[in-house]
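Only heavy atoms go into these numbers, but all of them, side chains included; no hydrogens, no water, no symmetry mates. Order of the sequence lines sets the chain letters (A, B, ...), proteins ahead of strands, with each chain counted from 1.
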There are 2 protein chains.
Amino acid sequence: MPVSSSGCCAPISDAALDAAGAAEGATVFKALADPIRLRLLSMITSAGDEICVCDLTPQFDVSGPTISHHLKVLREAGLVDCERRGTWVYYWPVPERLQWISSLLAVPEPIPAR
Amino acid sequence: MPVSSSGCCAPISDAALDAAGAAEGATVFKALADPIRLRLLSMITSAGDEICVCDLTPQFDVSGPTISHHLKVLREAGLVDCERRGTWVYYWPVPERLQWISSLLAVPEPIPAR
DNA sequence: AGTCAAGATAGATATATGTCGAAACAGGAG
DNA sequence: CTCCTGTTTCGACATATATCTATCTTGACT
């Protein structure tokens, strides 16, 4: 039964994310927290290896600059990378980054169900 | 070489997330897009099975209502659930939801590295 | 009842974010 | 060199979000 003033039951596990890790994780999740960016990322990851911006933009109802802005957010989060080849710019995913952010969502032990 | 006006190379894969799925995914990622909420979730998932709010609040430099607000966001995103027992309120994770959101981050095919 | 403590809710405010149009930049074609 | 197209950057604005203080609700205990 909980009695102390500073805590009523089990202490915080050391397995919990520290403040620094949480800050970095939050910035990456922030990049994913928009429907357009999520679809952009999905299109980029489901393309064979890379995809042209000119194939992404027409899929949305927003202006070109807005798509460019969202791609920049994904790029700055380290989730995708890009390269200009001639007139067009191509984007591809960064799998290691995707795996890392995905790992933050793992539940340590299989919880029995409740 | 890209030539058409509507697309310059490969078409969008059918594997890409549709607008509806992206909208729901984005709301969940939005819940994760804050350092405090990420730490809260981490503490909740790394506790054995559940954890008391009174053990969460003192870990942060923000006020009680702010923690309460963040917990509500996590709850409404379906990531955690809670129950009041006497004076205290206990939170636990919803593993199925965590797995679902994690699955949105999976890269369809192993990309050869670039 | 009356009191106290744990959490949640409400209302206010400052900051962050998504969106646009206009303008700048980069490269290819005439 | 000059024009045209694809993409990014810039500035502005409307909306959303994080945080606070104050208040309310719930339950325990005297």
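- For H69(B) and dA18(D), the shortest distance from a side-chain N or O to OP1 or OP2 is below 4.0 Å.
- Rounded to a whole Å, the CZ atom of R84(B) is 15 Å from the P atom of dA5(C).
- Distance from the side chain of K30(A) is smallest for dT17(C) among the nucleotides dT17(D), dA6(C), dT17(C).
- Among the protein residues, G64(B) comes within range of no part of the nucleic acid, since none of its heavy atoms lies under 4.0 Å from any strand.
- Atom CG in D61(A) sits roughly 9 Å away from atom P in dC20(C) (whole-Å rounding).
- In this structure, the side chain of S46(A) engages the main chain of S42(A) through a donor-acceptor pair within 3.5 Å.
- Within the 4.0 Å cut-off from OP1 or OP2 of dT19(C), not a single side-chain nitrogen or oxygen of S63(A) is found.
- Checking dT8(D), dT19(C), dA18(D) against the side-chain heavy atoms of V62(A) singles out dT19(C) as nearest.
- Between the CZ atom of R37(B) and the C1' atom of dT19(D) there is a distance of 12 Å, rounded to whole Å.
- Phosphate contact (OP1/OP2 of dT8(D), side-chain N/O of K72(A), threshold under 4.0 Å): absent.
- Annotation: side chain of W100(B) is in contact with side chain of V28(B) (closest heavy-atom distance under 4.5 Å).
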#### Entry: Trace of the salt bridge (Lys or Arg N to Asp or Glu O under 4.0 Å) decision for R97(A) with E76(A)
CA-CA 12 Å; R97(A) 190 70 163 168; E76(A) 289 179 340; over 6 Å; no

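- For the pair H70(A) and dT17(C), the criterion of a side-chain N or O lying under 4.0 Å from OP1 or OP2 is not met.
- Phosphate contact (OP1/OP2 of dT19(C), side-chain N/O of T66(A), threshold under 4.0 Å): absent.
- Side chain of R37(B) to main chain of K30(B): a donor-acceptor pair is present (N/O by atom type, distance under 3.5 Å, no hydrogens or angles).
- The side chain of C54(B) has dA6(C) as its nearest neighbour among dT19(D), dA6(C), dT8(D).
- The distance between atom CG of L40(A) and atom P of dT7(D), rounded to the nearest whole Å, is 13 Å.
- Using a 4.0 Å heavy-atom criterion, one finds that I36(A) contacts the sugar-phosphate atoms exclusively.
- Distance CG (L56(B)) to P (dA6(C)): 14 Å, rounded to an integer number of Å.
- Using modelled atom types, no side-chain atom of T57(B) and backbone atom of C54(B) make a donor-acceptor pair closer than 3.5 Å.
- Closest to the side chain of W88(B), out of dG7(C), dA8(C), dT19(D), is dG7(C).
- Listed pair Y91(A) / dT8(D) meets the phosphate criterion, a side-chain N or O lying under 4.0 Å from OP1 or OP2.
- Look at CD on E83(B): it is 14 Å from P on dG7(C), rounded to the nearest Å.
- Nucleotide dA18(D) holds its P atom 12 Å from the CG atom of L32(B), rounded to whole Å.
- Taking atom CD1 of I51(A) as the reference point, atom C1' of dT7(D) lies 16 Å away to the nearest angstrom.
- Across L74(A), L71(A), V89(A), a single residue satisfies side-chain contact (heavy atoms from CB on, under 4.5 Å) together with C82(A), and that is V89(A).
- Comparing P65(A) and C82(B) against DNA chain C, the residue whose closest nucleotide sits nearer the 5' end is C82(B).
- Residue T87(A) places none of its side-chain N or O atoms closer than 4.0 Å to OP1 or OP2 of dT5(D).
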